[in-house]
Structure formats: C-alpha cells, structure tokens
Colleague: 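The structure's right below; bear with me while I get my questions together.
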2 protein chains.
Amino acid sequence: MPFKDFAQYKDRRSALIESDRTLRPDHSTAVSAAEAKADKMVRELRALEATTIWAAEHAGVPHPFPGMEFLTGRDIIMKTKLFDLLVKMPKGGLLHAHLDATVNAEFLLKLALQQPALHIRATESVSVLNMSKILPEFKALPQEMFNESDTALTDSSYSSNTWVSLQKARESFDPDLGGPQGFDKWVIGAMTINPSEGKSYRSKDRTYQTHNTVNKIWEKFTSTFMVSTGLIRFEPVWRQYIHEFFRSSVEDGVSYVEVRINFYPKYMFGQDGKEDIPHREWLQIFDDTLNQFKAELKRSGRDDEFVGARIIYTTLRFIEAEELEWFCEDCIDLKQQFPHLIAGFDLVGPENTLKPLIYYAEGLLHFRERQKELGLDIPFIFHAGETLGDGTEADVNLYDAILLGTLRIGHGFSLVKHPKLMEICREKQILIEVCPISNEILRLTSSMLMHPLPILINNGLPVALCSDDPAMFGNMGLTFDFYQVLVASEITGLIALRELARDSLKHSTLEPPEKSLAITKWEKRWEKFIDAIINS
Amino acid sequence: MPFKDFAQYKDRRSALIESDRTLRPDHSTAVSAAEAKADKMVRELRALEATTIWAAEHAGVPHPFPGMEFLTGRDIIMKTKLFDLLVKMPKGGLLHAHLDATVNAEFLLKLALQQPALHIRATESVSVLNMSKILPEFKALPQEMFNESDTALTDSSYSSNTWVSLQKARESFDPDLGGPQGFDKWVIGAMTINPSEGKSYRSKDRTYQTHNTVNKIWEKFTSTFMVSTGLIRFEPVWRQYIHEFFRSSVEDGVSYVEVRINFYPKYMFGQDGKEDIPHREWLQIFDDTLNQFKAELKRSGRDDEFVGARIIYTTLRFIEAEELEWFCEDCIDLKQQFPHLIAGFDLVGPENTLKPLIYYAEGLLHFRERQKELGLDIPFIFHAGETLGDGTEADVNLYDAILLGTLRIGHGFSLVKHPKLMEICREKQILIEVCPISNEILRLTSSMLMHPLPILINNGLPVALCSDDPAMFGNMGLTFDFYQVLVASEITGLIALRELARDSLKHSTLEPPEKSLAITKWEKRWEKFIDAIINS
C-alpha cells in the first residue's frame with residue numbers, strides 16, 4: 001500500500017480506525033459538550049485508579065487488575081471513586097435477572113426469620129466436619145406441625161430430616177460453631193457462590209479452584225436456588241422480597257425491570273403452610289407490590305426514578321415436550337389476566353446439560369399460533385448460547401432462538417462465533433442481554449478482559465448489561481457489571497455506557513407511549529448525572 | 001417467522017446453519033470418500049476419549065477436560081490415541097516459531113555440555129534457598145580465560161559472578177541439591193516455563209498462580225530467552241541446534257518452516273570464545289545445515305518429507321526509531337546474499353510493554369521504498385494484537401500491520417474485535433498465524449474452549465496453527481496445537497485440520513513452483529495418512 005508521504009499514512013490510519021469503529025453505538029452519536037467533558041473526566045479517573053488502586057498491593061489478592069475475576073476483585077472495586085460515580089448513573093432497564101436471585105441473601109434470611117411458619121432441616125446433625133457440605137432445607141409448615149421442643153440442628157441427638165423452627169434453630173446453634181452468627185454464615189453460604197466464611201483470597205479462591213469447570217460451578221449454582229426456594233416461595237416472604245428487589249434496583253439507578261420468574265412450581269406456600277397459592281395469585285401479589293412501591297416513590301417525590309416492572313414467564317428446560325403445553329396455556333392465561341405484566345416467555349436451566357430448544361421447537365411454534373388465535377403477543381426472550389461449546393447443543397440453541405423469532409437473546413455468549421447470526425441480530429435489532437459478571441463466575445470467561453462483549457459492540461449489535469443472579473454472585477444492582485465493562489477497555493467510555501442504558505429501555509417490551517416516557521425520564525436523569533460529574 | 005409446518009422449520013434451520021458455516025474452510029470443499037470415513041472415525045475417537053480419558057480420574061489434576069490448560073493437560077493428552085494419530089498427520093508448514101525457542105531444553109543442554117568453551121555463572125552461590133529464583137548465565141569464553149580450578153557453584157566459597165566451566169559446574173553440583181541431575185533440573189527450569197521440578201499438579205499450577213497476569217508471565221518468559229541465549233548463540237551449538245530443529249520438525253510431520261531469528265545481537269560467539277561472528281555467517285551456517293539435512297533425508301529416501309526452510313528477519317521492539325535503519329539495511333544485505341533464505345521482516349517482544357508499530361512506521365515505509373529501489377521484496381510479517389487490550393497500543397498494532405501491508409499476522413489475538421480488519425484479512429487473504437497453546441500459557445485465554453480461533457475460521461479468514469516457543473511451553477512440533485484445536489470443537493474435524501495444513505503452505509513465502517511442489521508432496525502424504533487411519 002503505497003503512501004505519498006507519512007502524513008498520508010496517518011490520514012489513512014485514522015480513516016481505517018474510524019471505519020473499524022463505525023458500527024459502535026458511541027460512534028456517530030450526538031455528544032453534548034457537557035457529556036464530552038464528563039467522559040474525559042471519567043477516562044482520566046479510570047486511568048488514574050488503574051495505577052493508584054489496581055497497581056497497589058492488596059492483602060490476599062496477588063494479581064489485582066481492572067476487570068479481574070469479580071469474587072476476588074469486588075472489595076477493591078468498592079474502594080474506587082469510579083465505582084462511587086457509577087452507582088449514581090441512571091442505568092435504564094434490567095432486562096435479565098432471575099427473581100429468585102435478585103435479593104441479598106442476608107436480607108432474605110432476615111425476612112425469613114420473621115416468619116414462625118418457616119422451618120429448617122438437614123440430612124444429619126450439623127458439625128464442624130460437615131458444615132461446608134451440608135445444605136439446609138427450608139419449608140413453611142402448617143401450624144399444627146410446629147414442634148414445641150425443637151432440638152438444635154447442631155445437637156448430636158438431632159434426628160435426620162426433622163423440621164425445626166428457623167428462629168429456634170438459629171438461637172440454638174452451637175456457640176462453638178458461631179451460635180446465631182455461625183448459623184447465618186452457614187445458611188447464607190449455602191445460598192451464595194461467594195462463601196460468607198470471610199473475604200480472604202483463599203475462601204474466594206475456593207470457587208475458582210474447587211468449582212473450576214462450567215458444569216461443576218453450575219452444580220453449586222443450582223444448589224443455591226434449591227436452598228433458597230424454601231424461603232422465597234412463601235407468600236409472606238415473597239411479597240417483601242419483590243418489594244426489596246424493586247427498592248434495591250432503584251437505589252442502584254435502575255428505572256425498569258423485566259424479571260424472569262420460574263413458574264415450574266405450580267404453587268407457592270401460604271401463611272398457613274399449605275402449598276396452594278396458584279400462579280395467578282403470584283401475579284396479583286406482584287401487581288399489588290408494584291403499585292404499592294410506585295405509590296411509596298411518588299410520596300417521596302421519586303416517581304421519576306421508576307417506570308415499572310414486567311415479568312418474563314419461565315419454566316425449566318428439563319420438562320418433557322408434552323409438559324410444555326401446560327406452561328404455555330398457563331402463560332396465556334396469565335397474559336389475559338395481567339396483560340401489562342407478562343412480557344415474554346423463556347426456558348431456563350443449564351443449556352449444556354438439559355434439553356435444547358430444538359426439543360421444544362414444535363410446541364413453541366404451536367404456542368405462537370395459539371397466541372395469534374387469541375390476539376395475544378407473548379414474545380420469546382430465550383436464553384441461548386450460554387456456553388463455551390462449539391457446535392454443541394447449547395451453541396446450536398442460537399439458531400433455534402432466532403428461527404423461533406426471539407425478541408432478545410439471554411447471554412448469547414457463543415454468538416460471536418456465528419457470522420450469519422451476528423448479521424441477523426444486527427439487522428433485526430435482536431438485543432443481546434449480556435451478563436458479564438455472571439459469565440465470569442460461571443466460568444465462561446476468566447476476566448472481563450477476555451469477555452467477548454467488545455465483539456458484539458464493535459459489530460453494532462444492540463446490547464444491554466444485566467446482572468443475572470446478583471444474590472448468588474454479589475453483583476447487586478447493575479453498577480458492578482457496568483464497572484467491569486468500563487475498566488476493561490480503552491475505547492469504551494461514558495457514551496458507550498449511555499447507549500447501553502438507552503438500549504435497555506429501547507429494547508424492553510414496554511408499549512411505545514410508556515417506552516417513550518421511560519426514555520425521556522432516563523434522559524433527564526442522565527443530564528443531571530453528567531452535570532454532577534462535571535461539578536464534582 | 002411463520003412456518004408452514006414443522007418440516008419447513010427444520011428445512012429453514014438446516015439452511016440457516018449452512019449459511020452460518022459457509023465461510024469455513026471445511027465447507028464447500030472436496031472431500032473424498034476415504035476422507036469422510038477417516039473424519040468420522042476421528043470424531044468417534046474424540047467423543048470416546050472425551051469420556052474414557054478426559055472424564056476419568058487423573059492424579060493431581062482435579063478438573064480435566066479436553067482443551068484444558070496445556071501445562072496441566074499435556075501428560076493426559078499424550079495418553080490419548082487421538083494424539084498418536086495426529087503425530088502422523090502431515091502438518092504442512094510451521095510459519096510462526098522463534099528459533100531460540102524451538103529445541104527442547106534438555107537437548108540444548110546436552111549439546112552445550114559437549115563444548116569446553118561454555119561457562120556458567122551466578123550472582124551468588126546456589127543453595128536450596130535460592131535455587132528456584134537464581135538464574136544461571138552462560139557464555140563462551142576464549143581458551144585463555146578457562147579456569148583450571150573451578151569452584152562449585154553450590155560451594156559457599158563460590159565468588160559472585162565467577163565463570164565456571166559448564167561441565168565442571170555440573171559435575172561438582174552439590175549432591176544434596178541433586179548433583180548433576182539437580183544441576184540439569186535447575187538449568188532446564190530456568191529455560192522453560194514448565195518447571196522441571198516435577199510433573200505434579202502443584203508445580204505445573206505454580207505458573208498459573210504465581211505468574212497469573214499477562215505481564216508477569218511475559219517477565220518469566222523473557223527470562224527464559226535471556227538464560228538460553230548464552231548457550232544457543234554459540235556457533236558450534238547453533239549449527240547443531242538448527243539441525244535438531246529441522247529434524248524434530250520433520251519427525252512431527254512438518255515439511256516446511258519459516259522461522260523467526262532474532263538479529264538484534266549483531267554477533268554470535270565462535271569456537272574461540274570471541275563474539276565476532278556476523279549475521280552473514282549465521283545465514284551461511286543456516287544454509288549449510290539446511291543443505292546437509294536435506295542430503296541426509298535424501299539418503300534415507302525421505303526427501304519428500306521436507307521441502308525447505310526460510311528465515312523471517314526479526315529485531316526487538318525496544319530499539320529506538322533511529323536504530324531501525326541499521327537492521328533494515330542489514331536485512332537487505334542478507335536478502336541480496338541469500339535471496340532464497342530471507343522470507344520476511346518482523347519486530348518482536350511484548351507488545352503490551354514495548355514500542356508499538358506506529359513508532360516505527362515511517363522507518364518501515366522507508367524500508368519498503370529501499371527494497372523497491374533495489375528490486376527486492378521482503379514482506380512484512382508482523383506480530384500484532386497479541387493482547388487482551390481493547391484500544392491499547394498492542395491492539396492498535398493491528399491497524400498499522402495491515403496498513404504497512406503485512407503479508408500475514410502473527411497471533412492477531414485481538415483481531416476478532418475488529419470487524420473492518422476481519423473483512424480486510426479475509427478479502428486480502430492475510431493469514432493469521434494462530435498459536436493456541438502459546439496464547440493460553442501467556443494468559444490471553446484460559447483454555448482452548450475460550451480461544452477465539454473459531455471466530456476466525458467461521459469468518460473465513462485463512463489460518464495456520466503454530467507453536468511459537470515450544471522449548472519454553474513444551475509443545476514441540478505442531479501435534480499438540482492441532483490436538484487442542486480438534487478436541488475443543490464439535491464442528492472442527494479432520495477436514496478443517498487438512499485446510500489449516502494446506503493454508504500454511506499456500507500462505508508461505510515459497511515461490512510458485514516450489515510452493516506447488518510443496519503442496520503436491522503434502523497432498524500425497526495426506527492421502528497416505530488418510531489410508532492409514534481407515535486401515536487401522
């Protein structure tokens with residue numbers, strides 16, 4: 001390639017870089033003078049803290065770097081000014097989170113301890129020898145089954161699988177095992193991936209060493225849901241849980257949520273300990289709590305901070321094909337009763353080991369025909385490609401998700417290997433719900449630096465950042481995920497983050513008038529956010 | 001997307017998968033019945049061993065899986081029948097390897113011990129306390145500087161930085177530190193990344209724990225070159241080293257090499273211990289050794305197994321821009337004297353920390369003009385993008401490499417983030433010299449499953465697999481790199497490997513007649529390889 005002179009080389013170079021970045025959302029987009037200034041300040045802060053914080057010594061963390069593995073880096077992240085800045089960023093919508101994993105385990109336990117109906121049991125007496133392996137099981141019992149004289153779980157005379165009142169089990173926990181605090185640690189450790197034993201590198205590291213393959217970490221991950229479900233799927237707790245989910249989302253700058261709820265269990269437990277609360281009542285509770293929360297915000301003059309919540313109906317991908325129809329009809333039912341709540345339909349569970357979309361494809365197509373007959377529209381919003389596989393069933397799920405007309409793709413981690421699908425997603429504006437921290441903790445990538453997100457962004461695909469399962473991972477809200485993305489790049493700055501937030505609202509299932517309003521409110525908050533940065 | 005019926009869905013699905021894979025080299029390519037059968041057998045063997053070998057227990061390896069981190073997985077790989085099969089595969093050309101890192105450290109030490117001129121020293125007496133940190137330094141000395149009464153390096157009376165005869169140092173190595181075998185282990189450990197202390201998971205793991213960032217592993221990596229250079233850059237050793245490089249390449253099915261030689265040191269040491277052997281004599285030695293090796297092969301009727309070797313002239317990317325010209329002129333000089341040997345020009349060294357291509361761009365453009373004036377063609381074959389950076393200097397090197405007209409790209413690890421550059425590489429057929437195991441050991445990726453290679457292949461870019469620095473990494477030849485690529489995918493099979501091998505010859509700098517001949521010979525050997533698989 002001949003150049004007239006070096007000046008021409010430099011011109012062609014700039015043009016090449018420009019054309020290579022032309023599909024990025026922060027390219028050819030309006031940027032105000034204030035935004036440009038704020039972006040510059042943010043970049044300078046990022047560069048500064050890469051040295052002052054990340055290049056410093058951190059006890060128990062031998063190899064710190066920006067974008068490092070989250071469980072180990074979390075405490076360092078929270079020491080940064082950049083994190084504090086991002087907490088205040090209006091994040092837009094949270095489009096990919098599993099309700100049962102959205103509220104802090106400590107808070108959940110607190111809620112649960114207020115409920116006399118909640119009981120706990122274990123397969124054997126809990127001791128120092130088995131504490132790290134034994135998982136508690138929870139259940140709401142009818143009053144007639146309450147046990148007056150509960151034996152402590154830690155007592156050698158504890159009889160296998162005997163239900164004990166949660167409160168009493170906590171109070172009577174062996175002082176040698178930490179007493180009530182030890183009980184808390186044990187229970188919370190069973191509901192999270194970040195062990196609550198302590199924050200030393202060693203205990204954080206345990207996950208990276210003992211659960212260091214995708215399938216093994218999924219086993220631990222699945223077990224956390226199995227444990228917490230007994231506390232969450234209990235009406236008096238559930239409604240407060242949802243409230244806390246809304247509250248903590250708003251605290252982190254999230255103004256809208258589309259949350260995945262697992263409808264595989266057909267009933268929830270009620271106050272009376274009976275497992276007889278059907279799905280339509282779940283939605284009624286959700287609706288009531290949503291309205292109550294909105295009213296609270298309005299009372300404190302904060303109703304511009306939250307525009308609403310919708311539900312993505314999910315069931316588990318181990319059901320037989322014949323069982324699918326029940327859930328589709330149930331979803332239709334709920335959509336007809338709560339049209340403003342049901343946003344979409346999805347199948348969840350480890351793609352690598354459970355059933356692929358093709359297994360359900362015929363039934364899913366039938367589902368769409370049923371919707372058409374009834375004049376309904378419940379878009380598919382499928383998990384697909386959350387895998388390292390190349391040509392495996394989980395990887396191939398991407399083809400079916402797209403053929404089945406998915407509105408968005410959950411994770412789409414392996415999408416970058418598929419040139420045709422990348423093109424389709426860009427052209428059809430199929431947004432990818434990218435969950436950076438989740439992908440790292442679930443061993444698809446080892447750090448944010450290795451995450452394929454820049455490939456999606458640079459190829460012009462719409463993307464939203466999502467937390468997925470913050471209760472298990474520790475990435476409550478969206479600030480942590482935005483932080484990781486920002487510090488792992490020299491190209492991405494405040495404008496790219498702005499577009500990620502905007503796209504999360506643009507690609508939500510809100511109807512046009514609500515969507516416009518949501519975006520307008522977000523834009524106003526964004527301007528204030530920018531001003532606050534400049535004036536700080 | 002409405003479907004007439006499920007049959008139509010399945011048709012559209014097949015078509016979508018087809019169109020997504022259409023740019024792959026193993027798509028729309030002639031496949032004989034024999035090849036199809038062999039491919040099927042290989043896929044079955046891969047699937048079988050994923051269970052029988054990789055899902056089995058391995059002492060000291062808690063999480064084995066196909067494509068796992070190489071240092072830990074190497075021993076398991078060598079237990080597989082698939083590995084044995086791949087050893088016999090005709091690999092085509094090795095296009096990316098650094099000469100100083102191509103021969104087994106044990107063999108190098110053996111060669112060195114035959115040379116009385118070679119001496120060793122250390123900054124302090126070697127003991128059990130410092131053995132894992134102290135690095136030996138080697139040098140050829142003139143006879144008059146030989147020391148009659150060498151003190152053992154392990155002796156407390158050893159005086160810092162005193163040169164000791166290599167042979168005597170080995171013989172006198174403290175028996176408590178392993179005697180001569182302990183000496184070997186210490187020296188080899190300083191020249192390799194796979195510690196020679198033993199093959200327990202713990203010691204292999206050490207690299208993954210103690211050098212667990214890209215910059216830290218580069219420090220260890222660079223130190224191995226600093227240590228071995230004193231043994232290699234010594235004429236009597238150098239010519240035997242080159243011969244062993246050719247021999248071991250042919251043993252592994254490689255029929256052609258384009259090896260990078262570091263010409264930063266202006267002289268080599270001669271038998272007489274004087275550092276006065278200039279570059280043109282290096283090339284004469286290379287040429288003589290090449291011809292001698294070819295003659296040996298011919299004598300044993302194996303001359304179809306090796307078509308030749310060429311050199312990519314490299315210098316180090318820490319030189320000042322003003323120093324570049326000397327190396328360019330030197331390269332021109334060597335090209336004029338050995339036109340059949342000099343294949344290209346490159347700059348090497350850690351891209352993340354040393355100088356980027358833009359720093360040298362003006363001088364490099366001038367170099368091309370000089371070549372034109374003289375009627376020469378020495379293509380650039382640049383390392384670029386061997387980094388996790390996003391918008392960093394190393395990542396940006398890709399723009400300059402392409403603008404400067406690079407024939408191929410060494411590594412191009414971050415290329416996948418660049419849509420425009422991907423398109424250019426595909427259209428201009430700029431081959432990417434992918435070094436899978438190197439990338440993993442140098443911490444750009446954590447396993448073959450996470451490597452971006454499928455993105456390159458699926459986007460139709462020409463790729464060759466390369467070992468890079470097998471002496472340090474333990475991936476001698478090309479079989480290990482081919483193995484990792486094969487087992488990390490369900491899509492890639494024998495035909496994809498065939499095309500990778502073919503492309504390594506197609507994209508070499510061989511002149512058309514030689515290139516045709518090389519490919520024809522390789523095709524004949526490929527057919528035999530296929531027949532052997534079918535008949536086994």
Colleague: Look at atom CD of B:Glu57 and say whether more than 12 heavy atoms of other residues, nucleotides or ligands are closer to it than 6.0 Å.
Modeller: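 Atom CD in B:Glu57 is not packed in, count stays at 12 or less.
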
Colleague: Can you establish whether the number of heavy atoms outside B:Gln8 located under 6.0 Å from its atom CD is more than 12?
Modeller: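 Check passes, neighbour count above 12.
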
Colleague: For each of A:Thr492, A:Ile457, A:Leu456, A:Thr445, tally heavy-atom pairs with chain B at distances under 4.5 Å, and name the one with the top tally.
Modeller: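 Most pairs with chain B among the choices: A:Thr445.
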
Colleague: Quick one: closest heavy-atom pair of A:Arg443 and B:Met450, and the distance?
Modeller: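 That would be O-CE, 3.4 Å.
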
Colleague: List the atom of B:Asn458, the atom of A:Lys417, and the distance in Å for their closest heavy-atom pair.
Modeller: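 Where B:Asn458 meets A:Lys417 most closely, the heavy atoms are ND2-O, 2.7 Å.
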
Colleague: If I take atom CD1 from residue B:Ile217 and atom NE2 from residue A:His63, how far apart are they, to the nearest 0.5 angstrom?
Modeller: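 Between B:Ile217 CD1 and A:His63 NE2, I get 10.0 Å after rounding to 0.5 Å.
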
Colleague: Less than 4.5 Å to any heavy atom of chain B: does that hold for the side chain of A:Ala361, its backbone, both, or neither?
Modeller: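 Both backbone and side chain of A:Ala361 come within 4.5 Å of chain B.
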
Colleague: What's the separation between atom CZ in B:Phe3 and atom CG in A:Leu404, rounded to the nearest 0.5 Å?
Modeller: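 Atom-to-atom, B:Phe3:CZ and A:Leu404:CG are 7.0 Å apart.
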
Colleague: Identify which part of A:Arg21 has an atom lying under 4.5 Å from any heavy atom of chain B, answering side chain, backbone, both or neither.
Modeller: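 For A:Arg21, the contact with chain B is made by the side chain alone.
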
Colleague: Nearest 0.5 Å please: distance from the OG atom of A:Ser19 over to the OH atom of B:Tyr399.
Modeller: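 The OG atom of A:Ser19 sits 8.0 Å away from the OH atom of B:Tyr399.
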
Colleague: For A:Asp20 and B:Lys420, indicate whether the former's side chain and the latter's backbone hold a donor-acceptor pair under 3.5 Å.
Modeller: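 Side chain of A:Asp20 to backbone of B:Lys420, a donor-acceptor pair under 3.5 Å: yes, one is there.
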
Colleague: Which atoms of A:Ile424 come close to chain B, meaning under 4.5 Å heavy atom to heavy atom: side chain ones, backbone ones, both, or neither?
Modeller: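 Side chain only.
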
Colleague: Taking all non-hydrogen atoms of both residues into account, name the closest pair between B:Gly391 and A:Ile491 and its distance.
Modeller: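 So the two residues come closest at CA-CG1, 3.5 Å.
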
Colleague: Specify which of B:Thr22, B:Ile17, B:Val396 makes the most heavy-atom pairs with chain A at under 4.5 Å.
Modeller: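 Most heavy-atom pairs under 4.5 Å with chain A: B:Ile17.
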
Colleague: Take A:Leu364 and B:Tyr9, measure what side chain to side chain contact (heavy atoms under 4.5 Å, CB included) needs, and give me the verdict at the end.
Modeller: CA-CA 12 Å; A:Leu364 292 167; B:Tyr9 177 88; over 6 Å; no

Colleague: Highest number of heavy-atom pairs under 4.5 Å with chain B: which of A:Leu398, A:Leu444, A:Leu23, A:Asp5?
Modeller: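 The residue among A:Leu398, A:Leu444, A:Leu23, A:Asp5 with the greatest pair count is A:Leu444.
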
Colleague: Where do A:Leu403 and B:Arg13 come nearest, in terms of heavy atoms and distance?
Modeller: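 It is CD1-CA, 3.3 Å.
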
Colleague: Is the number of heavy atoms from other residues, nucleotides or ligands under 6.0 Å of A:Gln429 CD greater than 12?
Modeller: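 Buried by this count: over 12 neighbours within 6.0 Å.
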
Colleague: For chain A, which candidate among B:Asp395, B:Leu16, B:Asn459 shows the most heavy-atom pairs at distances under 4.5 Å?
Modeller: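 Option with the greatest count: B:Leu16.
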
Colleague: Rounded to the nearest 0.5 Å, what separation is found between the CG atom of B:Leu388 and the OG atom of A:Ser446?
Modeller: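 So the gap between those two atoms works out to 9.5 Å.
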
Colleague: As an exercise: rank A:Glu362, A:His418, A:Met422 by heavy-atom pairs under 4.5 Å with chain B and give me the winner.
Modeller: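 Between A:Glu362, A:His418, A:Met422, the count favours A:Glu362.
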
Colleague: Using non-hydrogen atoms and a 4.5 Å limit, figure out which bit of A:Asp400 sits close to chain B: side chain, backbone, both or neither.
Modeller: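 Both backbone and side chain.
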
Colleague: So which heavy atom on A:Pro454 is nearest to which on B:Asp390, and how close?
Modeller: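 Nearest heavy atoms, A:Pro454 then B:Asp390: CB-OD1, 4.0 Å.
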
